[in-house]
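FYI, side chains are in, hydrogens and waters are out, and symmetry mates aren't considered; it's all heavy atoms of this structure. Source: prediction; values computed, not measured. In what follows, every chain begins at residue 1, and chains take the letters A, B, ... in the order their sequences are listed.
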Number of protein chains: 2
Amino acid sequence: MEAVKVLIVDDEPNIRDLLSTSLRFAGFSVHAVGNGADAVFAAEKGAPDIILLDVMLPDMNGFSVTKKLRSMGIDAPVLFLTARDETEDKVTGLTVGGDDYMTKPFSLDEVVARINAILRRTKQAEVEESVLEVGEIRINQDAHEVFVNGELVDLSPTEYKLLRFLMSNANRVLTKAQILDHVWEYDFNGEMGIVESYVSYLRKKLDPLTSEPVITTKRGVGYMYKSAKTK
Amino acid sequence: MEAVKVLIVDDEPNIRDLLSTSLRFAGFSVHAVGNGADAVFAAEKGAPDIILLDVMLPDMNGFSVTKKLRSMGIDAPVLFLTARDETEDKVTGLTVGGDDYMTKPFSLDEVVARINAILRRTKQAEVEESVLEVGEIRINQDAHEVFVNGELVDLSPTEYKLLRFLMSNANRVLTKAQILDHVWEYDFNGEMGIVESYVSYLRKKLDPLTSEPVITTKRGVGYMYKSAKTK
DNA sequence: ATAAACTCTCAGACTTCTTTCAGCAAACGG
DNA sequence: CCGTTTGCTGAAAGAAGTCTGAGAGTTTAT
C-alpha cells in the first residue's frame with residue numbers, strides 16, 4: 001500500500017517539526033515548507049494527497065494559496081490551521097468540498113484523526129477505517145460515538161480523545177508523558193496528574209459496562225488499553 | 001455509473017475554482033472555461049450533460065452563447081449564473097426548456113441541488129433521487145417540502161438548506177465551519193453563531209414532531225443529524 | 001404601501017468540561 | 001512491617017462552549 005502524502009505549510013519551524021515528526025510516525029509520507037510560494041511549487045511537484053495549510057503565512061494567506069492551487073488543477077483537500085484568536089470570519093469560505101479547518105493549538109492525535117476523516121470523505125487515498133474496534137469497545141470516528149458492548153456511552157471531548165489514543169495503541173504501554181503529548185494540546189503546560197484524572201473518569205464510565213477493566217495501570221510506567229483479541 | 005459532465009463558464013477565476021472544487025467533490029466530472037468562445041468549443045468537444053453559464057461574459061452574453069450552442073445541436077440544459085442586481089428580465093427569456101438560473105452569490109450546497117434538480121427534470125443523465133429520507137424526516141427536493149412522520153413542516157429557505165445539508169451527511173459530525181461554508185452564500189462573512197441560531201430554529205420546529213431529537217450537538221466539534229437507519 | 005417573514009447579531013443564562021488539589025489507598029523496597 | 005512512592009478519586013473553581021429570546025434591519029408578499 002502506498003503511503004499517503006501530506007504537504008505541511010507553516011512558517012513556524014516548531015509547528016512544522018512537530019507535525020512532520022508526528023505524521024511521519026503515523027505512517028504518512030511528509031513534506032514540509034514554510035511559505036506560500038514553496039507550497040505551490042511543492043504541491044505541483046509532489047502531488048500530495050492532502051495539504052495542511054496555515055492560514056497566516058508571511059507571503060500570502062491561505063485563501064491566496066488555495067486559489068492558486070485550485071487554478072492549477074490541484075484539488076487535494078486542505079486542512080486549514082488557524083490561531084484561535086484570529087477573528088473567525090477570516091476562515092469562512094475556505095472549507096470547500098472536503099476541506100476542514102482546526103484551530104491552534106491542537107493535539108497531535110487530533111491532527112491525525114482529522115486527516116484520516118478528510119481522506120475518508122474525499123476518498124483520495126487508501127485510508128484507515130472509520131470504525132475503531134478493540135475488544136468490547138467500538139468507536140465510530142465519523143459520528144464521534146463510543147459503544148461498549150453495543151451501548152452508547154457519552155464522553156467529553158478529552159475523554160474521547162484519550163480513549164481513542166489508548167485504543168489505537170492497544171496492548172502497548174503508554175507513558176503519561178506520551179499520552180500528554182499526543183492527546184493534549186501541544187502548548188499544554190500543566191501537570192501529568194491530569195492524565196490520572198482522565199483515566200479515572202474513563203474507568204468510571206467504561207468499567208461498569210465491560211466484563212473486566214479495559215485500562216490497566218503499569219505502575220511506574222504508564223497505562224495500557226488491554227484486549228485479548230485485536231480486531 | 002458514468003460521472004455527470006459539467007461545463008463551467010465564468011470569467012471570474014474565483015468563482016470558477018470554487019465551483020470546480022465543489023462540483024468535483026460532489027462527484028461530477030468538471031471542465032471550466034472563462035469566456036464564450038471557449039465555452040462553445042468545449043461544449044462541442046466535451047459533450048457536457050449540463051452547462052453552468054455566467055450571463056455576463058467578456059466576449060459574448062449568455063443569450064449569444066446559448067443561441068450558438070443550440071444552433072450547433074447542443075441541447076444540454078443550462079444553469080445561468082447572474083448577479084443579483086441584474087434585471088431579471090435579461091434572464092427570464094433565456095430559461096427555456098429545462099434551463100434554470102440562480103443569482104450570485106449562491107451557496108455551494110445549493111448549486112449541487114439545483115444541478116441535480118435540472119438533470120432530474122431533463123433526464124439527461126443518471127442522477128440522485130429527488131426524495132431524501134433519513135429516519136423520520138423526508139425531504140422532497142423538487143417541491144422543497146419537508147415531512148416529519150408524514151406531517152408537512154414549513155421551513156424558511158435557510159432552515160431548509162441547513163436541514164438538507166445535515167441530512168445528506170447523516171450520522172457524520174459536521175463542524176460549524178463546514179456548515180457555514182456549504183449552506184451559506186460564499187461571500188458571507190458573519191460569525192459562526194448564526195449556525196447555532198438556525199440549529200435552534202430547526203429544533204424548535206422539528207423536535208415536537210419526532211420521537212427523539214434529530215440534531216445532536218457534539219460539544220467542541222459540531223452538529224450531527226442522527227438516525228438509526230439510513231435509507 | 002403595508003404587513004409579514006426572514007436574516008443576522010448579540011447578550012445573558014445555562015450547561016458541561018477542564019484543571020488543580022488534597023486526602024486516601026495501594027504497591028514497593030528495604 | 002513500616003516508610004516512601006505512586007496512583008486514585010471526589011470536590012470545587014473557573015473556563016469554555018452552547019442555547020435562546022429579543023431586536024434591528026432587510027427582503028418578500030399582498
Side-chain angles (χ1 to χ4, degrees), chain A residues 83-85 87-89 92 102-107 110 144 146 153-163 166 173-177 179-180 183-208 213-224, chain B residues 84-85 88 103 105-107 110 144 146 153-163 173-177 179-181 183-208 213-224:
Chain A
R84 184 158 298 169
D85 53 355
T87 54
E88 295 192 345
D89 37 18
T92 58
M102 76 189 307
T103 52
K104 296 182 189 178
F106 41 77
S107 81
E110 185 66 11
H144 275 234
V146 177
V153 180
D154 190 53
L155 299 183
S156 81
T158 304
E159 288 164 359
Y160 173 82
K161 281 184 247 175
L162 173 57
L163 178 61
L166 290 172
V173 183
L174 299 165
T175 66
K176 286 176 204 167
I179 294 173
L180 211 50
V183 176
W184 269 261
E185 297 171 350
Y186 57 74
D187 69 342
F188 179 81
N189 64 353
E191 293 299 313
M192 287 195 284
I194 198 167
V195 178
E196 293 171 20
S197 284
Y198 270 90
V199 167
S200 174
Y201 294 152
L202 270 184
R203 283 173 170 156
K204 206 186 323 188
K205 290 186 178 179
L206 301 177
D207 287 353
V214 283
I215 303 174
T216 311
T217 302
K218 293 287 169 182
R219 194 183 169 81
V221 190
Y223 297 100
M224 183 174 87
Chain B
R84 184 156 296 168
D85 52 355
E88 296 191 353
T103 53
F106 40 78
S107 83
E110 186 65 10
H144 275 234
V146 177
V153 180
D154 188 53
L155 299 183
S156 80
T158 305
E159 288 163 358
Y160 172 81
K161 279 183 253 178
L162 173 58
L163 179 61
V173 184
L174 299 166
T175 65
K176 286 177 204 167
I179 295 173
L180 205 52
D181 288 346
V183 175
W184 270 261
E185 297 170 351
Y186 56 76
D187 68 342
F188 178 83
N189 69 350
E191 295 295 318
M192 289 187 197
I194 197 165
V195 178
E196 293 171 25
S197 285
Y198 270 87
V199 166
S200 176
Y201 297 154
L202 269 184
R203 282 174 170 157
K204 209 184 318 187
K205 291 186 178 178
L206 302 177
D207 286 354
V214 283
I215 302 174
T216 311
T217 302
K218 291 286 165 180
R219 181 175 246 260
V221 190
Y223 296 100
M224 182 173 87

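Tyr223(A) has its side chain out of reach of Thr216(A): every pair of non-hydrogen atoms, C-beta onward, lies at least 4.5 Å apart. Looking only at side-chain heavy atoms (C-beta outward), Ser107(B) and Val183(B) stay at 4.5 Å or farther from each other.
Ring geometry, Tyr186(B) versus Phe106(B): the interplanar angle exceeds 60°, so the pair is classed perpendicular (tilted spans 30 to 60°). The aromatic rings of Phe188(B) and Trp184(B) sit tilted relative to each other, their planes meeting at an angle between 30° and 60°.
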Protein-nucleotides 25-30 of chain C N/O pairs closer than 3.5 Å?
none

Show me the protein contacts with nucleotides 4-11 of chain C, counting only N or O atoms at under 3.5 Å.
unit_1	atom_1	unit_2	atom_2	d
dT7(C)	OP1	Thr158(B)	N	3.2
dT7(C)	OP1	Thr158(B)	OG1	2.5
dT7(C)	OP2	Ser156(B)	OG	2.7
dT7(C)	OP2	Tyr198(B)	OH	2.8
dT7(C)	O5'	Tyr198(B)	OH	3.0
dC8(C)	OP2	Trp184(B)	NE1	2.8
dC8(C)	N4	Tyr201(B)	OH	2.7

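Contact check, Ser200(B) against dT18(D): no side-chain N or O comes under 4.0 Å of OP1 or OP2. Applying the 4.0 Å criterion to OP1 and OP2 of dG10(D), one finds that Lys204(A) has a side-chain N or O inside that range. Proximity of Lys218(B) to the phosphate of dG17(D): no side-chain N or O atom is located under 4.0 Å from OP1 or OP2. Contact between the side-chain N/O atoms of Lys176(B) and the OP1/OP2 oxygens of dT18(D) is found at a separation under 4.0 Å.
As rounded to whole Å, 15 Å separates atom P of dC19(D) from atom CE of Met192(B). A straight line from CD1 of Ile215(B) to P of dT20(D) spans 11 Å, rounded to a whole angstrom.
Between the side chain of Lys205(A) and the main chain of Asp154(A), a donor-acceptor pair closer than 3.5 Å is present.
Applying the side chain to side chain contact (heavy atoms under 4.5 Å, CB included) test between Leu202(A) and each of Val153(A), Asp207(A), Val214(A), Leu163(A) identifies Leu163(A) as the sole match.
Closest of all the heavy-atom pairs between Pro208(B) and Arg203(B) is CD-O, 3.7 Å.
Across all strands shown, Tyr223(A) has heavy atoms under 4.0 Å from sugar-phosphate atoms exclusively, and none from any base.
Contacts of Ser156(A) classified as side-chain hydrogen bond (donor to acceptor under 3.5 Å, both in side chains), with partners at least two apart in sequence or in another chain: none.
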